[in-house]
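The basis for the numbers below is simple: all heavy atoms, side chains too, and nothing from hydrogens, waters or symmetry mates. Just so it is clear, the structure is predicted and the values come from calculations on it, not from any experiment.
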Protein chains: 2
Amino acid sequence: MARRITLADVALKAGASKATVSLVLNNRESRISPETSERIRVAAQELGYTPNPAAQTLRTGKTQTLAFISDEVLTTRFASAMIHGILEVAESHDQMILMAETEHSPQRWQKSLASMKNRQVDGFILGLMRARNLQKVDIPLNQPAVVVNGKAQGIASILPDEHRAGQQAVEYLVAHGHKKIALIGRPPAGSSEHATMNIPRRMAGIDDAMRTAGLGFSAEYQEVLWEGEAGYLGALAVLEQAPDISAVIAANDRIAFGVYRAFQERGISVPEDISVISFDDEELASYMHPGLTTLRLPYAQMGQAATQILMQEDPANLISGVRSEGNEVLIPMPLIERDSVKTL
Amino acid sequence: MARRITLADVALKAGASKATVSLVLNNRESRISPETSERIRVAAQELGYTPNPAAQTLRTGKTQTLAFISDEVLTTRFASAMIHGILEVAESHDQMILMAETEHSPQRWQKSLASMKNRQVDGFILGLMRARNLQKVDIPLNQPAVVVNGKAQGIASILPDEHRAGQQAVEYLVAHGHKKIALIGRPPAGSSEHATMNIPRRMAGIDDAMRTAGLGFSAEYQEVLWEGEAGYLGALAVLEQAPDISAVIAANDRIAFGVYRAFQERGISVPEDISVISFDDEELASYMHPGLTTLRLPYAQMGQAATQILMQEDPANLISGVRSEGNEVLIPMPLIERDSVKTL
DNA sequence: CTGAAAGCGCTTACAG
DNA sequence: CTGAAAGCGCTTACAG
């Protein structure tokens with residue numbers, strides 16, 4: 001392999017010192033004559049010079065590299081959309097991303113943090129699969145960091161705007177003329193240990209909007225475990241409680257999936273007989289017939305925002321509707337309109 | 001932030017030279033007295049010394065870092081499962097992963113390759129969303145590299161064992177007593193431009209096994225575009241051609257999904273009336289009712305194997321049933337047995 | 001306006 | 001068995 005071109009080569013070719021070349025190539029040429037600058041640029045160009053990052057890091061302590069540590073990367077949509085958003089913004093700032101996964105092991109979490117720190121990354125993006133509150137022990141860094149889908153003392157936190165999304169679901173139903181509404185999936189009181197911190201917010205948004213609209217739920221089915229089975233049982237239950245409902249709010253897409261199945265068995269058609277709206281926009285939602293109208297968890301945007309924050313850029317540049325509360329940056333959950341809600 | 005501990009600190013504390021400390025800590029202590037070694041290890045331990053990777057890289061040209069460049073990372077399961085596999089093996093070799101995504105842009109592909117090379121990564125993992133043959137121009141590196149889900153002159157290639165999977169699908173059906181079988185999704189002759197290089201292999205495996213079993217297809221529906229719609233139309237078509245089929249081979253899960261829908265409309269139940277077997281094991285497959293029996297694309301294992309090859313480790317250590325042909329490493333596609341095939 | 005020199009923290013011949 | 005020294009390729013005071 002051909003020897004790597006170094007600063008010294010450029011200096012030699014341009015007839016200048018390494019110091020001058022370095023200054024010019026780093027755009028600190030305030031006090032360098034235009035002629036010299038130009039000669040240096042041409043020489044660097046002709047030789048195809050690129051600085052050796054290891055040498056730069058050794059000297060400056062900067063790596064142009066960000067760490068993305070996530071507790072789970074295998075899962076659908078979560079990490080992969082987030083990575084996509086991160087990569088996009090990182091590239092625009094000439095940063096590369098070093099990845100690690102901890103599979104929910106505190107030891108691996110600590111180990112990843114330590115080795116990334118040892119590699120002198122310029123910042124940390126901490127991605128959580130299920131939103132929770134990180135303790136101080138989780139981030140033993142005096143280093144720029146941001147948590148995605150979680151919170152932590154003193155560092156920026158990127159979260160989906162669940163409260164707003166909850167409101168929007170209700171407002172959307174109301175705007176389409178629905179008044180008799182059932183809710184499937186509210187966690188029973190006291191089940192909060194199982195829940196991520198996003199769930200109460202989603203519920204509070206729903207409740208607030210119902211109150212604002214002057215409505216109460218015609219029926220409810222409570223459940224912490226948000227899987228298809230809960231939706232199936234929930235649908236049967238609310239049908240029993242209030243056969244005249246015109247719409248169902250499912251706490252998430254998996255529940256909605258179960259609701260569809262129950263309705264289908266009962267010969268109830270969506271949305272002709274009963275409308276359904278939901279949250280998350282998992283891949284699943286796009287396969288359902290009719291297509292499920294749902295509020296998307298904006299993973300890609302959350303990744304973008306996290307990276308922007310680390311780069312001191314304003315997330316509002318890329319994402320409209322972002323709002324901040326304290327050290328929380330709340331990313332809007334877009335309403336994905338498909339065919340599961342009918343206008344009354 | 002406290003100053004970083006360096007080799008010199010350890011040397012000072014242990015009363016040895018930096019050279020000796022370096023030797024000991026890199027396990028090249030053949031000619032160092034045990035006492036000195038021990039003193040040095042203790043000192044390093046007590047000070048919490050870790051070498052500065054930038055300095056090591058500058059000196060040795062090694063980074064303990066691998067590049068994962070993929071043309072698409074956003075897509076379900078593909079990249080994220082692959083990343084998972086890569087990370088797992090990388091961690092066991094104390095390597096970190098630098099990620100980039102090119103979104104199918106040749107410019108970004110080249111740029112990523114160049115900047116990774118500039119950062120002196122120790123090896124390249126090139127991940128392709130749709131299997132194809134890379135040209136020389138795509139990998140202008142004289143550097144360790146491996147392609148996942150693709151081929152390239154002179155470098156190792158990790159591919160799913162599609163031929164074997166095709167055979168297995170047929171053998172499974174035959175073993176369950178099926179003889180009247182329809183195939184949905186064979187690409188029409190001359191449509192090869194649309195296809196990835198895996199498709200002909202899948203088909204060849206199917207055909208070989210049918211021949212071996214002394215069977216021919218009772219009905220076929222050809223299509224390049226493997227989406228739900230093709231499955232729906234295909235199911236209706238094969239039903240027309242041969243109403244007495246007992247099983248359908250769908251070219252992939254999306255086709256199977258459409259087949260289910262058509263059958264449901266016709267009141268045909270899976271698997272009681274007709275069995276269905278498929279390929280890929282997309283997330284979708286796990287949601288279908290009844291659960292779809294399918295041959296999984298082993299993305300995680302492909303990521304593992306790629307990393308192992310780069311690390312000069314034998315993939316057979318982790319993955320059973322791997323076979324090699326030339327510079328191809330073929331990873332078995334496991335049969336995921338669910339409930340869509342009935343024993344006759 | 002520009003250059004010589006020090007130093008970031010390692011590893012590796014080389015000398016003894 | 002061990003140490004002194006050079007050098008990897010940069011950047012940054014400092015001197016002129």
* To do: Establish, from distance only, whether the side-chain atoms of D122(A) and T63(A) form a donor-acceptor pair under 3.5 Å.
  => yes
* Hey, does the side chain of T36(A) come within less than 4.0 Å of dC1(C)'s phosphate (OP1/OP2), counting only N and O? -> no
* Asked: Below 4.5 Å, heavy atoms only, C-beta onward: do V147(A) and L128(A) meet side chain to side chain?
  -> yes
* Atom CD of E38(A) to atom C1' of dC1(C): distance rounded to whole Å? -> 17 Å
* Asked: Atom CG of L25(B) and atom C1' of dG9(C): how far apart are they, to the nearest Å?
  -> 13 Å
* So which nucleotide does dA13(C) pair with, by the Watson-Crick or G-U wobble rule with both distances under 3.5 Å? -> none
* Using purine N1 to pyrimidine N3 plus N6-O4 or O6-N4 for Watson-Crick, or N1-O2 and O6-N3 for G-U wobble, both under 3.5 Å, which nucleotide pairs with dA4(C)? -> none
* To do: Starting from the 5' end of DNA chain D, give me the residue, G15(B) or L58(B), whose nearest nucleotide shows up first.
  => G15(B)
* Asked: For Y299(A) and H84(A), what are the C-alpha separation, side-chain angles and deciding distance, and is it a side-chain contact (heavy atoms from CB on, under 4.5 Å)?
  -> CA-CA 9 Å; Y299(A) 289 123; H84(A) 183 74; over 6 Å; no
* Asked: Do the side chains of M197(A) and L159(A) get nearer than 4.5 Å, heavy atoms only?
  -> yes
Listed pairs, N/O of protein and of nucleotides 10-14 of chain D, under 3.5 Å:
| residue | atom | partner | partner atom | Å |
| --- | --- | --- | --- | --- |
| dC10(D) | OP1 | Y49(A) | OH | 3.0 |
| dC10(D) | OP1 | N52(A) | N | 3.4 |
| dC10(D) | OP2 | L7(A) | N | 2.7 |
| dC10(D) | O5' | Y49(A) | OH | 3.1 |
| dC10(D) | N4 | K18(A) | NZ | 3.1 |
| dT11(D) | OP1 | N26(A) | ND2 | 3.2 |
| dT11(D) | OP1 | Q56(A) | OE1 | 3.1 |
| dT11(D) | OP2 | S22(A) | OG | 2.6 |
| dT11(D) | OP2 | N26(A) | ND2 | 3.4 |
| dT11(D) | O2 | R59(A) | NH1 | 2.0 |
| dT12(D) | OP2 | R28(A) | NH1 | 2.8 |
| dT12(D) | O4' | R59(A) | NH2 | 3.4 |

* Structure fact -> Taken to the nearest whole Å, CG/L12(A) to C1'/dG9(D) is 15 Å
* Asked: Is there a side-chain contact between T102(B) and D71(B) (heavy atoms, below 4.5 Å)?
  -> yes
* Asked: Looking only at heavy atoms, what is the nearest atom pair of L98(A) and V121(A), with distance?
  -> CD2-CG1, 4.1 Å
